[in-house]
Structures are given as C-alpha cells and as structure tokens.
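First comes the structure, then the notes that go with it.
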Amino acid sequence: MNQAPTPLPPNTRLQRDPLAAIAVPLAPIVLEGRYRVLVGALWRLGRSRPGQWALAAGSGALVVALALLAARHFATTSWPLASGNPGVLVAAGLLLLFAQALKAYGWGRLFTPDERPKALALAAGNGGAALIGVALPGRFDDAMRVAVVRRYPGCPAGVRVLCLSLVMLGLIDSVALAPLAFAAALFPGAGMGVRAGLAVVAAAGVASAAVILALPRLAASRRALRFRLGRWLSPRTSSRRAASEAWALVSACWLVRVVVVFLLLGTLGVGYSFPLALLFLCAGAAAAALPIGPAGAATQVGASAAALIASGVDASQALGVAVSVGALGVFSGAAILLAAVAWRTGMSLAASRAAA
C-alpha cells in the first residue's frame, strides 16, 4: 500500500463499479480467484435484460425440477421427519429459532454502537443465508447476509463494515467450536480419522482465538495507522470485551444446536448420544468453512452424514438425520426471514396510516 495517492492520467473518468464495491470488502472471505471470476460473470449477466430473463427462467426451472424430483423421491420413500415424535420435532424447531436469535445478538456485538444494525435485520440475514445455501455454492450465503442486512431499512453499516463483521463472526464460530470438537475427540469410539479431523477443528479454533486477541493491538499500532486501511480498521476492530460477549452468545447458540441434534438423533431412531451430536455439528461446520462447494447446505449435509457413517451409524439413518437437521434449519431461517419482512411491512403501513 502506498502512503501517497497515485496520480491518475489526465482525462480519466472515475466510475463507481458496483462489482468492485462488493468484491473488495469480500476479499478476506473469497479465497479463490475462480470464485471472483464467477461472481463477476454473474453480476454482468444480471445487469443485462436478457440475462435477467435467463436467470429468472433458469431459477424457475430449477425450482420446478427440484420439486418434482423431491415429490418423486418421497412418493416411494417416507420423509425422514415423518418417523419422529411430533412433540420432539416442534421442540427442536423452537430451539433452532432460539439459536438463530442468539447468533444474531452475537453478531451484533461485533459492530460499533453507531454502526450496529438491528437484531431483527441480522436474524433476517441469517435466515436468507439458510435459504440461499440450498441451491447456491458456499460463500454465497455470506453475500446474501450482506445484501439482506444492508437493504434492511435503517441499517447504519456499510458493505465493508458488514464484511468485516462476517470475518470476525467466522473467527468467533471457530473459537466456539473448539471446545466442542475437543470434547468429541475425547469420547471413546471415534476412529483415528475422525479424531484427526476434530483435532484440526480444535486447532483452527485456537488459532482464531489468537487472531482475535491480537487484532485490536495490531490495528491500533503506529505502523498500521500510517495507512488508510489501518485508520479505517482501528475504530471498527472488536475489543476483547465485545469479542468475549459475542463468543458467549455464539457458544450458547452452538450448545442449543447440540441439544437439537441430540433430540433428533433420538427421535429418528439412531439413539440419544451427545458424542454423535458433537461430531455431527463439528463435521458440518468444517464443511461450511470450505471456500466453495456444490451447495452450502448440501455440503454440510453430506459431511455430517459421512461423520455419522464413520462412527458406525447406518447409512440411511445417517442421511435421514442429516437431511432432517438441514430441513429444520432451512424452515427456521425462512420463518425468521418472513417474520422480519412481515414486521417491517406492518411498521411501514402503520407509519403511513399515522402520517395520513
């Protein structure tokens, strides 16, 4: 980075490229050059009218095809949730909603007070990410979070601030998962390959904790403040107190999810087992950390099911549990997103009537 601005050639027009405004803040998240090329191609395709019609037709055809395939599949095979206890399934759904609220409040602690979005906006962003992860590859869910929260009325945070908070939230997630992965690795019955994977998750959490603790001091150092990026980052870096509060809330969110998986394992015939629940969540979280995959939800479902199969669970039961957890996560995300839209619409109508 240069300390002095680089002079531009004469007669040069400055243009605000929307792609650059999105791609630059997402640089810490996007890890592969091919992914950035894909985002650029999709952006250019979406700006043209033929491209918009093509995307609309393609997405509609994809939804119809997926619906037909799902109907054909479950016409001969029962839906995994159909074999569960309705009371347990309702309790699991309510716990997932509670976990979404904890995650939203934990994410909110990573903003400065004057740039903090509303908790409902952050929860709606997580709900939109759960929906978009069904069809689009991983990391598109982060773009969906940014889009939903940024366009929520009254959001004071810009795109760069939202992307920085997502990077910090990913680090907080890794720290919160570390003790769970360590506990799962200590339980008897786990194979060497499973223990090695859990050790990687725990080590990533320790490294993330080191980064979180060191980042405020690094951002406030005299050398960092010499550059524009350091001066922008220093007041927006989460303090240790804010990071601790976010860690506590996110850890509570993961513990609630452990209880949800524990209940689903029992009601779907696998058996109540906290070790399997911990292993299930750690495998799904490790798959979600991949820079890109076939689909965010599909990758997590496949990794979670593979972890259960490696622990000796029957393949059909493992896949049923993984699909059930993923489906409940999508349903809870959709419910939160619809509730946020309905709440905001009602508030707007009430304000319009009061003004009239």
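Just so it is clear, the model here is predicted, and its values are computed rather than measured.
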Between F274 and F262, how do the two ring planes meet: parallel, tilted or perpendicular, split at 30° and 60°? parallel
Do [X] and [Y] come within less than 4.5 Å of each other through their side chains, counting heavy atoms only?
X: P216; Y: S239; value: no
X: D142; Y: V146; value: no
X: V148; Y: Y152; value: no
X: W107; Y: N126; value: yes
X: L264; Y: L328; value: yes
X: L308; Y: V321; value: yes

To the closest 0.5 Å, what do you measure between [atom1] ([X]) and [atom2] ([Y])?
X: I309; Y: S304; atom1: CD1; atom2: OG; result: 11.0 Å
X: I336; Y: Q100; atom1: CD1; atom2: CD; result: 4.0 Å
X: L166; Y: I172; atom1: CG; atom2: CD1; result: 12.5 Å
X: L122; Y: Y105; atom1: CG; atom2: OH; result: 10.0 Å
X: L177; Y: L281; atom1: CG; atom2: CG; result: 7.5 Å
X: S165; Y: R109; atom1: OG; atom2: CZ; result: 13.5 Å

Are [Y] and [X] connected into the same hydrophobic cluster when the rule is that any two of I, L, V, M, F, W, Y join if their side-chain heavy atoms are below 4.5 Å apart?
X: L89; Y: L97; value: no
X: L278; Y: Y272; value: yes
X: L276; Y: F182; value: no
X: L218; Y: V167; value: no
X: V211; Y: L164; value: yes

Taking [Y]'s backbone N and O only, do any of them form a donor-acceptor pair with [X]'s side chain (distance below 3.5 Å, no angle check)?
X: R195; Y: A185; result: yes
X: S238; Y: A243; result: no
X: T267; Y: L263; result: no
X: R116; Y: G108; result: yes

Restricting to non-hydrogen atoms, name the atom on [X] and the atom on [Y] that form the minimum distance, rounded to 0.1 Å.
X: V149; Y: A121; value: CG2-O, 3.4 Å
X: C253; Y: K103; value: SG-CB, 4.0 Å
X: L215; Y: T237; value: CG-CG2, 3.7 Å
X: V256; Y: L95; value: CG1-O, 3.3 Å
X: G329; Y: L96; value: N-CD1, 3.9 Å
X: C282; Y: L198; value: CB-CD2, 3.7 Å

After noting the C-alpha distance and the side-chain angles of R240 and R217, does the key distance pass the side chain to side chain contact (heavy atoms under 4.5 Å, CB included) rule? CA-CA 10 Å; R240 294 182 179 180; R217 179 175 297 181; 4.3 Å; yes
Could you give me the CA-CA distance, side-chain angles and deciding distance for L180 and L255, then say whether side chain to side chain contact (heavy atoms under 4.5 Å, CB included) is met? CA-CA 9 Å; L180 301 181; L255 290 176; 3.9 Å; yes
Could you go step by step and tell me if L169 and V250 meet the side chain to side chain contact (heavy atoms under 4.5 Å, CB included) rule? CA-CA 9 Å; L169 184 62; V250 173; 4.1 Å; yes
Could you tell me whether W254 atom CH2 has more than 12 heavy atoms of other residues or ligands within 6.0 Å of it? yes
Evaluate M168 against I212 for side chain to side chain contact (heavy atoms under 4.5 Å, CB included), listing each step before the verdict. CA-CA 8 Å; M168 295 298 299; I212 293 173; 4.3 Å; yes
